[in-house]
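Note that the coordinates shown come from a computational prediction; the quantities given were computed from them, not determined experimentally. Throughout, protein chains are lettered first and strands after them, A, B, ... in sequence-line order, and every chain is numbered starting at 1.
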There are 2 protein chains.
Amino acid sequence: MPPRPSAAVTLETAQPPGDTKARLLDAVVQIFAERGFHATSMRAVTQLAGTSVSSANYHFGSKEELLRAALILRAAPLNDLRLKALALVEAGPSEGKVRVRAILEAFVRPLLEARPELKDEGFPGRKLAARLYVDPPDVVKAIQQEVFGPVTVRFREALENAIVDVDPENFDLGLQLSLGVVVHSISGRFIWPDEEEDPSGSKREQAIESIVAFAASGLLALVEEKNSETGNPGASAQ
Amino acid sequence: MPPRPSAAVTLETAQPPGDTKARLLDAVVQIFAERGFHATSMRAVTQLAGTSVSSANYHFGSKEELLRAALILRAAPLNDLRLKALALVEAGPSEGKVRVRAILEAFVRPLLEARPELKDEGFPGRKLAARLYVDPPDVVKAIQQEVFGPVTVRFREALENAIVDVDPENFDLGLQLSLGVVVHSISGRFIWPDEEEDPSGSKREQAIESIVAFAASGLLALVEEKNSETGNPGASAQ
DNA sequence: GTCTATATGTTGATAGAC
DNA sequence: GTCTATCAACATATAGAC
């Protein structure tokens, strides 16, 4: 067998320089997003990253910590974008249904829009975020809470303020279903247009708007339904 | 240590009579629904069923076949209920939005309602169905397609007929998001009232109606949004 | 920092006694 | 039919050379 093509360049330690950590993070995002926590083995991750299991454990200590590191890296900028968008909406003059929709958009858009800041032009990072919400292991649930919990609470409060006369039970159900909409827009079988098929991003843009419209309409339908039962139709969001 | 309490009753083969198969099916539904395919081990299942791994493999041949058997057992009656409910809606005189909502209800209600026919008064069977849609392994995806695919296609056609002037792209997205709503109403963190807290089932009933309302409103919002762009507002479902 | 080699446990599946 | 005993393959994690 011939030696590896680039083997003659340097006499150093075999594998590429010091970007092993970065390659591991990329690999874990990719594989974990596809297969979930339990179905993802350290072997698979380290093979994709072109390194060894022990190298991964040297850098991160354990499988769980590797996942947590990848998530914090991906989620921190996403959280920032969401909170900034929310602040803009709350500082603005919008009211009622328009505001509800704007808040949901502030939650959805940073996740679905192509964002170089997230160091993820493509899809794996989004899928990872979505998988957190459907993967059963306690480990994953804990990380999800840790990474996304506070921001989710912020959005919950914002929506609670934007909808007057909130019925707690329907509101909680509505929030969960809205989250289901967002998660399934990613983890389900809907095909997102890729960049070459949709260079202007207009198809993606339309999909984002549709998703926001779906969630907002559903959420408001719940509140309206409740209020129409109490004989107060249409006055739920003002 | 004292002998097992019932050990003196018979001289037969140690474990209970011939309902091992049934106990295994119950156990796999319960555990798989909670943890997903890869995180569920044969040992965990067989321990819960009070038998051994080899016994399970004797009856079902493999882990995958055990899951498939459990699913077919649970899904067949669910499919029947859904198709019957759909037939009733299609034979009826409803039109437009009302019919769209009725079709969605025919899909949702048999899943969420307490149904003795499904041999599952409680929750595990529903959770299992929901998990099929979020569990990543190819095995699971294949079983889901096999078990639920045909009925899903039937409902898709029914909805396509009920909504005039369908925009294919938004329609597909809308269907997927609707499915996300249903799946998340089960697999998410919404707490369903249990039977003792809600003996009349009225809370559960209200939740089902809310879920249908959410999905119908979201789906129609997508179609209406599209049509209002083309200058034809409100004429999408008639 | 990265590797090879290994430790230690668990997995799904099978063999064979009863 | 059900069990105990066992298999080979896989899992995560660590030890130690370089």
Side-chain angles (χ1 to χ4, degrees), chain A residues 3-4 6-7 9-28 31-32 34-70 135-140 143, chain B residues 3-4 6-7 9-28 31-32 34-70 135-140 143:
Chain A
R4 302 233 320 277
S6 60
V9 175
T10 150
L11 292 178
E12 289 184 326
T13 50
Q15 270 303 109
D19 48 26
T20 303
K21 239 172 136 165
R23 290 203 320 278
L24 278 168
L25 288 171
D26 282 348
V28 77
I31 296 197
F32 178 85
E34 290 295 335
R35 311 187 195 170
F37 186 82
H38 272 107
T40 300
S41 72
M42 294 288 279
R43 278 175 165 76
V45 171
T46 53
Q47 266 178 33
L48 180 62
T51 182
S52 64
V53 179
S54 45
S55 168
N57 279 324
Y58 168 78
H59 285 289
F60 298 99
S62 73
K63 181 183 179 182
E64 184 179 340
E65 286 304 320
L66 174 57
L67 172 61
R68 172 174 281 115
D135 225 44
D138 291 347
V139 202
V140 178
I143 297 178
Chain B
R4 302 230 322 278
S6 61
V9 175
T10 149
L11 292 178
E12 288 185 323
T13 51
Q15 270 303 108
D19 49 26
T20 304
K21 240 171 136 167
R23 289 203 322 276
L24 278 168
L25 288 171
D26 282 349
V28 76
I31 295 195
F32 177 86
E34 290 295 335
R35 311 187 195 170
F37 186 81
H38 272 107
T40 300
S41 72
M42 293 287 280
R43 280 175 162 79
V45 171
T46 53
Q47 265 177 35
L48 180 62
T51 182
S52 63
V53 179
S54 45
S55 168
N57 278 324
Y58 168 79
H59 284 290
F60 297 99
S62 73
K63 181 183 180 183
E64 182 180 339
E65 287 304 320
L66 173 57
L67 173 61
R68 171 175 281 114
D135 222 45
D138 290 347
V139 203
V140 179
I143 296 178

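At least one side-chain heavy atom of A/Phe60 sits under 4.5 Å from a side-chain heavy atom of A/Leu25. Between B/Arg23 and B/Thr20, the closest side-chain pair of non-hydrogen atoms falls below 4.5 Å. Under the 4.5 Å side-chain criterion, counting only non-hydrogen atoms from C-beta, B/Phe32 is in contact with B/Asp135.
In this structure, B/His59 reaches the D/dT2 phosphate: one of its side-chain N or O atoms is under 4.0 Å from OP1 or OP2. For B/Thr51 and D/dT2, the shortest distance from a side-chain N or O to OP1 or OP2 is not below 4.0 Å.
Between A/Leu24 atom CG and D/dA13 atom P there is a gap of 14 Å when expressed in whole angstrom units. Spacing between atom CG of B/Asp19 and atom P of D/dT2 amounts to 8 Å, rounded to whole angstrom units. Residue B/Leu66 contributes atom CG, which lies 15 Å from atom P of C/dT11 at whole-angstrom precision. Taking atom CD on B/Gln47 and atom C1' on D/dC3, their separation rounds to 15 Å, with Å as the unit.
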Could you run down the sub-3.5 Å N/O contacts of the protein with nucleotides 13-18 of chain C?
| from | atom 1 | to | atom 2 | distance (Å) |
| --- | --- | --- | --- | --- |
| C/dA13 | OP2 | B/Lys63 | N | 2.9 |

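At the heavy-atom level, B/Thr40 lies under 4.0 Å from the strands shown only through sugar-phosphate atoms. Across all strands, B/Ser41 comes closer than 4.0 Å only to sugar-phosphate atoms, never to a base (heavy-atom distances).
Applying the side-chain hydrogen bond (donor to acceptor under 3.5 Å, both in side chains) test to A/Ser52 and every residue at least two apart in sequence or in another chain returns A/Ser54. Taking the side-chain hydrogen bond (donor to acceptor under 3.5 Å, both in side chains) definition, one finds that A/Gln47 meets it with nothing, sequence neighbours left out. By the salt bridge (Lys or Arg N to Asp or Glu O under 4.0 Å) test, B/Arg68 pairs with B/Glu64, B/Glu65, B/Glu146, sequence neighbours left out.
Sorted by first and then second residue, the salt bridge (Lys or Arg N to Asp or Glu O under 4.0 Å) pairs with a member in residues 35-63 of chain B form an empty list; sequence neighbours excluded.
To the nearest 0.5 Å, atoms CD1 (B/Ile143) and CG (B/Asp138) are separated by 11.0 Å. Distance check: A/Thr51 OG1 to A/Asp19 CG gives 10.0 Å after rounding to the nearest 0.5 Å.
Paired runs in DNA chain D that reach 3 or more consecutive Watson-Crick or G-U pairs, where each pair keeps both distances under 3.5 Å, cover C:1-7 with D:12-18, C:9-18 with D:1-10.
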